[in-house]
Amino acid sequence: MSQAFGKKIIASARVIAGPQSSSAENGHDIKAVARSGLIRIAVIEDEERVRNALVFQLSTAGFAVLAYSSAEELLESTDAKDFDCVVADIYLPRMNGLQLQEELSRTIPYASIVFITGHGDLSLGMQAMRQGAVDFLEKPVDDQALLNSIARGVRLSRERRAEQFRRIEVEELERSLTSREHEVFALITTGLLNKQVGAELGTTERTVKAHRASIMTKMGADSLADLVRMAGILQIHSPSKTLE
């Protein structure tokens, strides 16, 4: 890869990463990693010469890079959940790239993966893309194509990781609700008025208002729209007899 490629990657890395953050001290904290400016790349390549070349090129470009000779080695690593993008040869020994992709989707659903190959199997590449791969690049890898793919992978991974953290955060808040507040939460986020919720639950409108205020406080919501978004994240759906 060219020297110009390294300069392009540095520029793109700065744009993707944004300002540096000290919150990345705990590498296994989803929130810390999502907010960190450091971009972590995993390289999986069984051919040592190619692996070392990729590590050198991406490291000198400013990425934090760790290399693995097999898919199993990555999955067994304590760093597996920290990477913003995985660059892997699709023809790996034992567990191949597609099997790795399947395992990552199960255990690390926010992980993004860019495949490289020296065999040019288009049908295999299409399968990988259908299963969510960011790209499928043939060796020798085009500098700009790899740069663009890594940039897309980093953005995608961080968006997914942020969504996962938000879901975990909302789930923690939801656990603070009482059983009655859960019922009120589910009903008011379907669009029912306080008096309709009261009729549904066999209680007064005044009591519903009190529950609603408590829910807003516990969930850290500023408006009903905030609660509706949280209900969507939690996939809360409450069929209502009032709406029938």
- prompt: Going through the distances and angles, do D89 and R51 end up as a salt bridge (charged side-chain N to carboxylate O under 4.0 Å, His left out)?
  reply: CA-CA 10 Å; D89 191 321; R51 183 171 68 248; over 6 Å; no
Would you tabulate the side-chain donor-acceptor contacts of residues 205-214 under 3.5 Å, counting partners in other chains and residues two or more places apart, or write 'none'?
unit_1	atom_1	unit_2	atom_2	d
T207	OG1	T204	OG1	2.8
R212	NH1	N194	OD1	3.0
S214	OG	E181	OE2	2.6

Nearest-0.5 Å distance, [atom1] of residue [X] to [atom2] of residue [Y]:
{"X": "I90", "Y": "L137", "atom1": "CD1", "atom2": "CG", "value": "11.0 Å"}
{"X": "L193", "Y": "I188", "atom1": "CG", "atom2": "CD1", "value": "11.0 Å"}
{"X": "I116", "Y": "L146", "atom1": "CD1", "atom2": "CG", "value": "7.5 Å"}
{"X": "L74", "Y": "I44", "atom1": "CG", "atom2": "CD1", "value": "4.0 Å"}
{"X": "T189", "Y": "L234", "atom1": "OG1", "atom2": "CG", "value": "9.5 Å"}
{"X": "Q57", "Y": "N52", "atom1": "CD", "atom2": "CG", "value": "10.5 Å"}

Under 3.5 Å, side chain of [X] to main-chain N/O of [Y], donor-acceptor pair present?
{"X": "E159", "Y": "L156", "answer": "no"}
{"X": "S157", "Y": "G153", "answer": "no"}
{"X": "Q196", "Y": "L192", "answer": "no"}
{"X": "T60", "Y": "F56", "answer": "yes"}

- prompt: Charged N to carboxylate O below 4.0 Å: is that the case for R167 and E171?
  reply: yes
query: Does R166 pair with E169 as a salt bridge, N-O distance under 4.0 Å?
result: yes
When you compare the side chain of [Y] with that of [X], does any pair of heavy atoms fall below 4.5 Å?
{"X": "M219", "Y": "D226", "answer": "no"}
{"X": "Y110", "Y": "K81", "answer": "yes"}
{"X": "D84", "Y": "F63", "answer": "no"}
{"X": "L100", "Y": "L75", "answer": "yes"}
{"X": "Q164", "Y": "R161", "answer": "no"}
{"X": "S105", "Y": "Q131", "answer": "no"}
{"X": "C85", "Y": "S112", "answer": "yes"}
{"X": "I39", "Y": "I150", "answer": "no"}

message: Go through it in stages, so that I can follow the logic: the residues are K218 and T178, the test is side-chain contact (heavy atoms from CB on, under 4.5 Å), and I'd like the CA-CA distance, side-chain angles, deciding distance and then a yes or no.
response: CA-CA 10 Å; K218 289 182 178 181; T178 66; 4.0 Å; yes
- request: For K195, look at atom NZ and say whether over 12 heavy atoms of other residues, nucleotides or ligands are found less than 6.0 Å away.
  value: no
message: Atom CD of residue position E47 - does it have more than 12 heavy atoms of other residues, nucleotides or ligands inside 6.0 Å?
response: yes
Can you name the nearest heavy-atom pair linking [X] to [Y], along with the distance?
{"X": "A133", "Y": "M129", "result": "O-SD, 3.6 Å"}
{"X": "H182", "Y": "L177", "result": "CE1-O, 3.4 Å"}
{"X": "F115", "Y": "L98", "result": "CZ-N, 4.3 Å"}
{"X": "R40", "Y": "D82", "result": "CD-O, 3.2 Å"}
{"X": "M95", "Y": "E72", "result": "N-OE2, 3.1 Å"}
{"X": "A231", "Y": "F185", "result": "N-CZ, 4.1 Å"}

side-chain hydrogen bond (donor to acceptor under 3.5 Å, both in side chains) partners of R160, counting only residues at least two apart: none
field: Worked verdict on F83 versus L104 for side-chain contact (heavy atoms from CB on, under 4.5 Å)
entry: CA-CA 12 Å; F83 294 111; L104 286 177; over 6 Å; no
- request: Any chance you could lay out the side-chain contact (heavy atoms from CB on, under 4.5 Å) test for D135 and N148, step after step, and finish with the verdict?
  value: CA-CA 9 Å; D135 216 336; N148 292 342; over 6 Å; no
task: Show your reasoning for whether side-chain contact (heavy atoms from CB on, under 4.5 Å) applies to L201 and R180.
output: CA-CA 9 Å; L201 299 178; R180 176 60 80 174; 3.1 Å; yes
